[in-house]
Amino acid sequence: MQDIYYRPMEYNFKEIESKWQAYWAANHTFKAEIDNSKPKYYVLDMFPYPSGAGLHVGHPLGYIASDIYSRYKRLCGFNVLHPMGYDAFGLPAEQYAIQTGQHPAVTTEKNIARYREQMDRIGFSYDWSREVRTCDPGYYKWTQWAFLQMFDSWYDNVQQKARPIAELEAAFAEGGSAAVDAACGEVAPFTAEEWNGFDEKQKAAVLMQYRIAYQGETAVNWCPALGTVLANDEVKEGYSVRGGHPVEQKKMTQWQLRVSAYAGRLLEDLEDLDWTDSLKDMQRNWIGKSQGAEMNFKVSNGVEEYDMTIFTTRADTVFGVTFMVLAPESEWVEKLTTPEQKEAVEEYLAMAKKKTERERMMEARKVTGVFSGSYATNPLTGDKVPVWIGEYVLAGYGTGAIMAVPAHDSRDYAFAKTFDLPIIPLIEGCNVSESSFDAKEGIMCNSGFLNGMTVKEAIPAAIDYVEKHGIGHRKINYRLRDAIFSRQRYWGEPFPMYFKDGIATPMTLEQLPLQLPEVDKYLPTESGEPPLGRAADWTYEGYPIELSTMPGFAGSSAYYLRYMDPHNDQALVSREADEYWRDVDLYIGGTEHATGHLIYSRFWNKFLFDLGYVCEKEPFKKLINQGMIQGRSNFVYRIINTNTFVSYGLKDQYETTEIHVDVNIVRNDRLDIEAFKAWMPEFATAEFILEDGEYICGWAIEKMSKSMFNVVNPDMICDTYGADTLRLYEMFLGPLEQSKPWDTKGIDGVNRFIRKVWRLFYDRDGLIVTDEKATPEELKALHKLIGKVRTDIESFSFNTAVSAFMIAVNELTDLKCSKREVLEQLIVLLSPFTPHIAEELWEALGHKESITYAAFPEYIEAYTVENSCTYAVSFNGKMRFTVELPVDMPREEVDAHVRGLEQTAKYVAGGNIVKVIVVPGKIVNIVVK
RNA sequence: GCGGGCGUGUUGAAAUUGGUAGACAAGCCAGACUUAGGAUCUGGUGCCGUGAGGCGUAUGGGUUCGAUUCCCUUCGCCCGCACCA
């Protein structure tokens, strides 16, 4: 489309869109300020990582939806906070820096500029004065600040909240370790006297076990290719989510966040959130609560005897324990391996250790194990059972040791069958010759005092017994683990910690932000230390500063709070701003953050809530997951060994290879042959076998990516059709939450609609809007639309709202309605979807102010009813029939319909008809008693 | 294996509480206006049948006067978790 000549009164989207985008920027139309006279509404998008590839047409989907909702809420009189920013620390910029030597800050800056330019073209109503970037020192000051707060806090299990570490020290000085019930690592008990006698180093070591941000040794996901550790949610099926490199398990000392302390609250508080059930389920699953009991088993290696604790949810099955199993990484392995078994055990451990996480998963069903040589004593029966070591027991869950009940646990069963261990059935009539009986139902047998009970009765009875006899106690276990918080990378927040005589010591708040130092290369040092090890003088008062940086989720955990008060250098967020904006009312983003960002952010918020820095216990009230937009690839078919391409319909007559072709030179699956020849030199001399004079391409739905040549750029759509068309079309594509392929071919219909709207206002000579009074028919079309659009927006059914607009505009076009009374309301209603054309037409109607804060049109429901004829037939009401009749159904036909319904109702109800109400075009209600 | 969801024309999809299935678009067909059309306008378009009519919401059954909608069976697809004791 070049050199198109527009008559003055034609719809010129390019001019209109740049005009209004400039207007909004110049007038700060979307600037949000605290205003106590208006209710607030906070609409948030998950901020993007600015990648080098720029935005494709799938990225803005959620942004468009949130923008529509923001604009709608403004029209409804809310004070809307709708900010945007960048999650700017991250691996790709650093990888690029490693390859090119370019500082990640430079790459990031460039990518952000590109993102901003692309977003601006779509006409979003962001308050850009509140933009944040996680890599900006003024921003990450508060990420570091939050870390220091966590370092300086412990979790009180009794009060169920975080408290200052000073209060813990006071409690220790008073009553030793028994004085508190805290979430902590492994600490040998100590008395107040012992505590008071500890030196600085000993005290520091103890306190470290209690801190919410702590340093501790743990098995971590180590990714050799990236040279860093990763959090559980950053690993999928044994590969890193970013880059897809293999990940292995390794024991390392790392900074961690005690997220597990919050497991219970994270689970309970899900209840009141307006999130989808599937997302809540994902989080519930990830948190993984299970109720059971911890039980002590006496174990002996023939020399020494110990108490070993195990966790079980099936305390009722203790009578069926025929062996015990330890995780290979368990500390018990060393204690319980007897000299005779030493060689076999070591061999087994070496084998298990060598496997990567990936290999373990692949062999998930393969049973491996080795006997330790030791025996445990069943605390209820007194029987001696062997202690084995097996990979299927996980070190990180429970106590890393289990009691095995092969009759009623399929994993234990497989182990028992492999190593020929005894199987004792405990439920009457169950058959365990082929498989275990895992269901929690039936009557207990072979189980001493539990005999005759149902399983559901036996579980609590067994735990009661165990508690009474001091063998164990009730326990709730969570799957959720602490978050590993160190990354051996450059492009992240430095830890404001230094090591004074080996003691991890926080910097003071005045020293924040601790800025990232310059380094000569972005690679680990020769001695294997993280890139910060290359920084000159990375010390504080002569002491070394921590060399790791924080992970990606650090900066994104509290960004929604920072938007409330982005320029405050005294606090993350002022009390005033926090109490006004409070929490996010609507959060839109992808599901991929279900078990990462959305858990960490909730944890972070709860922590700040405990300390009194924020006033809401949950950050995101309502959450919507927009679907992913896939690509729709096109193919051409080259006849083998030739440069001849055969059209899709004829390809079966030849032997061909399928070749991806750039979707931008295909229209409605028809190839632009000239563009194809120009696309790549090798196709310049291509020949074609056409059908009906055209080359038809094949197609497939694939991920949108450069290599498939199916990337559609929003800039291109804005150039060809305009931002309003893009916005409307993205919504029209289908339900917001559903994943769907992008296919540009339907866009003409939406574009046509927008031009139809324009033509209601203008003909070729100018504005045609009159001040005549609207007819009932016209008002009916309008009010039907207002009612529909309002409910659709409220329920995020934007696709059907767009359809409703199309229907209404078709009706108004047929009625030749160009009346101000109707059109003014129409464009206010439409303005959230297509703001540019709405502003332009609003101005044309003589308004001086932006349409942004126009009043949302009123919906008069009565209108439709008043203008219809009403039939009333009495029935006698119990059963209710609802029938919709078409708007234009002739009266006789309606009568016939009513008679039919009466017949039916009489048949059903035996003639006791009370009432039939018929509103043509609406509903027929028949009430029968 | 466990948990959640889905299955409607050629395509994207509509269908308040069970009440004319396929709205609104795309595509296709025919026509009008055009030098032209990737412009505009009009009409048609679920399937079978010339027709009347019949059949249709993955499959088979059930509840109901009435089922895309509720219940059960089978098949297929998608997503999440995955040795969590």
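- Remark: Arg284(A) is not in phosphate contact with G3(B), judged by side-chain N or O atoms under 4.0 Å from OP1 or OP2.
- The side chain of Lys740(A) lies closest to A13(B) when the candidates are A85(B), A13(B), C81(B).
- In this structure, Ile807(A) atom CD1 and A14(B) atom P are separated by 13 Å, rounded to whole Å.
- Relative to the side chain of Thr313(A), the nucleotides A26(B), C24(B), A85(B) differ in distance, and A85(B) lies closest.
- A donor-acceptor pair under 3.5 Å is absent between the side-chain atoms of Gln283(A) and the main chain of Thr595(A), judged by distance alone.
- Checking C28(B), A13(B), A85(B) against every side-chain atom of Thr312(A), the shortest atom distance belongs to A85(B).
- Asp748(A) places its CG atom 6 Å from the P atom of G27(B), with the value rounded to the nearest Å.
- For the side chain to side chain contact (heavy atoms under 4.5 Å, CB included) criterion with Asp724(A), the lone passing option out of Tyr729(A), Phe833(A), Tyr11(A) is Tyr11(A).
- Using P as the reference atom, C55(B) and C2(B) are 40 Å apart when rounded to the nearest Å.
- Of the side-chain N and O atoms in Tyr397(A), one or more sit less than 4.0 angstrom from OP1 or OP2 of A85(B).
- For the OP1/OP2 pair of G38(B) and a distance below 4.0 Å, the side-chain nitrogens and oxygens of Arg752(A) include no atom meeting the criterion.
- Side chain of Asp409(A), nearest nucleotide from A85(B), U40(B), C28(B): A85(B).
- Distances shorter than 4.0 Å separate none of the side-chain N or O atoms of Ser278(A) from OP1 or OP2 on G80(B).
- For Trp388(A) and A85(B), the CH2 to P distance is 24 Å, given to the nearest whole Å.
- Look at the P atom in both G56(B) and G62(B): the space between them is 14 Å, to the nearest Å.
- Nearest to the side chain of Arg755(A), among A39(B), A85(B), G3(B), sits A39(B).
- Of the possible polar contacts, one joining the Thr399(A) side chain to the Thr309(A) backbone as a donor-acceptor pair under 3.5 Å is found.
- Picking from G80(B), C41(B), C28(B) the nucleotide with the shortest atom distance to the side chain of Asn285(A) gives G80(B).
- Between Lys784(A) and Glu811(A) there is a salt bridge, since a side-chain N of the basic residue sits under 4.0 Å from a carboxylate O of the acidic one.
- Between the CG atom of Asp412(A) and the P atom of G1(B) there is a distance of 20 Å, rounded to whole Å.
- Mapping Met403(A) and Thr800(A) onto RNA chain B via the closest heavy atom, the residue that lands nearer the 5' end is Thr800(A).
- Residue Asp814(A) places its CG atom among more than 12 non-hydrogen atoms of other residues, nucleotides or ligands, all under 6.0 Å distant.
- At U16(B), none of the side-chain N or O atoms of Arg790(A) fall inside 4.0 Å of OP1 or OP2 (strictly under the cut-off).
- Comparing U40(B), C24(B), A14(B) by their closest approach to the side chain of Ser803(A) singles out C24(B).
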